[in-house]
Amino acid sequence: MPKRARNHWCNLMVSVNGKILVRSNLSQKDEVVINGVKLKTAALFDTNYREKSPTIAEVVTGNRYLKSGDIIVCHHNTFYEPSPYYLEEDLFSIPYDNIVFGTLDENGNISPLNGNIICQRIPTDNRPEIPIQYRKTFIDRAEVLDGRWTDYKKGQTIIHRLNAGYDIVYNFNGTEKRVTKVHESQVVGIIK
């Protein structure tokens, strides 16, 4: 279908059945520009599919939580051919559920959606003589950075199922951003 005709029906479409219509550049792991913002996630040929697969999309037709033009971060198994969500070219109709981790704000921070909690990993050893990149982190806990839409507040330490933390690493306008996402269903406790 010619791009002009495709754009016409996209603009007329209304989301149904809990789906949203999005555009995702399938080669975005090198670099992608959405709404004038330069995003880079990870190396194209990385062996880790979380770092290799596209995760960023632009909302074409949203819902009451997402509007056209919003930039969202999704699960790494969402955008590929022949994904069950794939429509054509760069268009996907995806469910609005916990695979949509959140939206990117104007500063490149992720605002969580769908029960997702944005966290940072907690080091097992904080000695200053150990460089940050060599510090190991707990696999069962994280500090909440943003828990909106959940019962968890910034600064709380949550205990979650082993390895439930999902790392999201991306570059926003040349600055590396690194957060860990935990879904609220994986939280088993809070350290007071």
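None of these values were measured; they are calculated from a predicted model. Just so it is clear, the values below take in all heavy atoms, side chains as well, and ignore hydrogens, waters and symmetry mates. Quick note: residue numbers are just sequence positions, from 1.
By the 4.5 Å heavy-atom criterion applied to side chains, Val59 and Ile72 are counted as neighbours. Looking at Val187 and Tyr152, their side chains come closer than 4.5 Å, going by heavy atoms from C-beta outward. Contact annotation: the side chain of Lys181 never approaches that of Pro112 to less than 4.5 Å [non-hydrogen atoms, C-beta and beyond]. Using a 4.5 Å heavy-atom threshold, the side chains of Ile94 and Phe79 count as touching. Using a 4.5 Å heavy-atom cutoff, the side chains of Ile56 and Val73 are in contact. Between Ile168 and Ile110 there is a side-chain heavy-atom pair separated by less than 4.5 Å. Put simply, the side chain of Ile117 reaches to within 4.5 Å of the side chain of Glu184, judged on heavy atoms.
Nearest heavy-atom pair, Tyr96 versus Ile20, reported as atom, atom and distance to 0.1 Å: CB-CG2, 4.3 Å. Here the closest non-hydrogen pair linking Leu91 and Arg23 is CD2-NH1, 3.6 Å. Residues Pro95 and Lys19 come closest through the heavy atom pair N-CD, 3.7 Å. Annotation for Pro128 and Arg135: closest pair CA-NH2, 3.7 Å, computed over non-hydrogen atoms. In terms of heavy-atom proximity, Lys177 sits nearest to Asn107 at NZ-O, 3.1 Å. Closest approach of Asn116 and Phe101 over heavy atoms only: ND2-CA, 3.4 Å.
Atom CZ of Arg161 has 12 or fewer heavy atoms from other residues, nucleotides or ligands within 6.0 Å.
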query = Given Val100 and Cys74, is the side chain to side chain contact (heavy atoms under 4.5 Å, CB included) satisfied, shown in steps?
reply = CA-CA 4 Å; Val100 178; Cys74 300; 4.3 Å; yes
task = Verify side chain to side chain donor-acceptor pair (under 3.5 Å) between Thr180 and Asp167, making sure each step is shown before the conclusion.
result = CA-CA 4 Å; Thr180 299; Asp167 291 334; 2.7 Å; yes
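Note that the CG atom of Asp90 and the CG atom of Asn25 stand 7.5 Å from one another [nearest 0.5 Å].
Just one of Gln156, Lys153, Arg141 meets the side-chain contact (heavy atoms from CB on, under 4.5 Å) condition when paired with Ile190; it is Gln156.
Between Tyr166 and His76, the two ring planes are parallel [angle under 30°; tilted spans 30° to 60°].
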